[in-house]
Number of protein chains: 2
Amino acid sequence: MSRSSYNIDIESVFEGVCGLFPNLKPEEKDIMRKNITCQYFRKGEIIYKEGDTPQGLVCLSKGKVKLYKEGVGGRDQIVRMAKPIGFIGYRALFAEENYSATAEALEDSVVCIIEKNAFMGILRNNAELTLNILKSVATELGFSTNRTVTLTQKHIRGRLAESLIFLRDTYGLEDDGKTIKVYLSREDLANLSNMTTSNAIRTLSGFAEEGVIELDGRRIKILDHHRLERISDLG
Amino acid sequence: MSRSSYNIDIESVFEGVCGLFPNLKPEEKDIMRKNITCQYFRKGEIIYKEGDTPQGLVCLSKGKVKLYKEGVGGRDQIVRMAKPIGFIGYRALFAEENYSATAEALEDSVVCIIEKNAFMGILRNNAELTLNILKSVATELGFSTNRTVTLTQKHIRGRLAESLIFLRDTYGLEDDGKTIKVYLSREDLANLSNMTTSNAIRTLSGFAEEGVIELDGRRIKILDHHRLERISDLG
DNA sequence: GTTATTTTATGCTTTCAAACATAAAATTAA
DNA sequence: TTAATTTTATGTTTGAAAGCATAAAATAAC
């Protein structure tokens, strides 16, 4: 990665973030501009840890981030996969709690932070904006309870198939129309799908043998979307 | 149950609901009063079904309600247990989606509904109230992801112990300081803890043999809170 | 009060996924 | 480069929980 990537164009990052808030008044935008900071994270670096106190609203401007909770036997559970441009860690901010998951960069990433009090001040005077955020948090709560059910009730094949579809829908496909545009380790794939690494590897090999996917290291090509969806649906 | 229970005192129910909104202006309270309806549900009756469209903000004024999603193999997953005075179904309302779970009365219950547009109109003009709701939905999202991890990673004993603690903390104890103040069937207990009914029965018997709890039909007495918490924590 | 039906209780069997054990391949470091 | 470490790949064993069967108990229906 070239050195120049370290130079972040704050203004363009800021404009990207503002794109997520449709009807911001000029004075609100001004407050945000004055209270934003940017940070660069290399692949594998921790953006924040479970238990840390939120200092502001964190926005992922570039890169990919996984959010995971440490589980019972030290086994991690990935609870969310973030893509740009989008927020991370807002749940804890709005709940006035410490972070309930750790955020780690999966690729070199750019993150900017809008200072907590500045942002909450905007919310307190903008019911429409707050209602929009409420809507998206409520939507996410729906995803979460859905996820609880599928992770607990589907069998290994169904869970892995669902994860692959989820990754495809979240990050999209490469230009070939087949390769999932994110390159996770088998361990991450396992932690996303609630299974051991061995089982992720085994089940993935199984899918490849059946011709549903094609494997090339961490690159996963979906050859038969329909069949993959069937595997996911059957559980 | 006596016939007179069917006569609901709407005004007192309304005052109870308003208690959940601390700083409501008189005119807002007026709008709510004009847009509220009450309904009585007998034990076992369905308040709304997964897939139904919310007509308003539903408040449980009296009784107990379980919220469950139909799982993969017809196995239900209880996603929430509601107690009075509190709301149910608000997630779908705020997400502008259909209900993602079914609400069923566990006891004879009184429910009141604040008409959707009236309530959303109040929210659109009251950022403070909206922010309060955002906070509680964000808190619940935290519970939900926590739950995903424990339901997937803890073993049967840990999951059941956690459920018993959850029920104790949600509904409290009878005057004896031991008996959990809710009487679920073994099947409900299983659906809450992500296990089969047989395993709920088996594991419950195990706890009783070990002297952690005492069973008397559906009545569950917690004899050793500390040990129950240890079982839950160890997973 | 008697009959059905549902719920609870236990034993036995099966199965799916975890745990363990290597080993090969791919990265990273020296 | 070579060595060290991590990741990926498979085979084997073990174990926890589901599935099934049956019966007793409790509850509801008649």
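Letters go in sequence order (proteins before strands), and every chain restarts at 1. From a predicted model like this one, the values you see are computed outputs, not experimental measurements.
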Considering every strand and a 4.0 Å limit on heavy-atom distances, what is the contact class for A:R157: base, sugar-phosphate, or nothing? nothing
Looking at A:S185, I'd like to know whether one of its side-chain N or O atoms comes within less than 4.0 Å of OP1 or OP2 on D:dT7. no
Any idea which of C:dT7, D:dA17, D:dA9 is nearest the A:R186 side chain? D:dA9
The side chain of A:H155 lies closest to which of these nucleotides: D:dA9, D:dA17, C:dA17? C:dA17
What is the distance from CG of A:D188 to P of D:dT7, rounded to the nearest Å? 9 Å
Check this for me, if you would: do B:K43 and B:E107 make a salt bridge, where the nitrogen-to-carboxylate-oxygen distance has to be below 4.0 angstrom? no
Side-chain N or O of B:N199 less than 4.0 angstrom from OP1 or OP2 on D:dA17? no
In terms of side-chain geometry, is the basic nitrogen of A:K135 or A:E140 positioned less than 4.0 Å from the acidic oxygen of its partner? no
Separation of atom CG in A:L189 from atom C1' in D:dT8, rounded to whole Å: 13 Å
Using atom CE of B:M195 as one end and atom P of C:dT8 as the other, report the distance to the nearest whole Å. 15 Å
Is any side-chain N or O of B:T196 closer than 4.0 Å to OP1 or OP2 of D:dA18? yes
Which of parallel (below 30°), tilted (30 to 60°) and perpendicular (above 60°) describes B:F94 and B:Y90? tilted
Using a 3.5 Å distance criterion without hydrogens, assess whether the side chain of B:K69 forms a donor-acceptor pair with backbone atoms of B:S100. yes
Report yes if a side-chain nitrogen or oxygen of A:S198 is closer than 4.0 Å to either non-bridging phosphate oxygen (OP1 or OP2) of C:dA18; otherwise report no. no
Side-chain donor or acceptor of B:R202 under 3.5 Å from a matching atom on the base of D:dG19? yes
Can you tell me the distance, in whole Å, between the CG atom of A:N194 and the P atom of C:dA18? 7 Å
Under 4.0 Å, heavy atoms only, any strand: does A:T197 hit a base, just the sugar-phosphate, or nothing? nothing
Please determine if A:E97 and A:R91 form a salt bridge, counting it only when a charged side-chain N lies under 4.0 Å from a carboxylate O. yes
Rounded distance in Å - CD (B:E187) to P (C:dA9): 14 Å
Closest of C:dT10, C:dA18, D:dA18 to the B:I201 side chain is C:dT10
Whole Å only: how far is the CD1 atom of B:I156 from the C1' atom of D:dG15? 13 Å
In whole Å, I'd like the distance from the CG atom of B:L151 to the C1' atom of D:dA16. 17 Å
Could you check how far CD of B:Q153 sits from P of D:dA17, rounded to whole Å? 13 Å
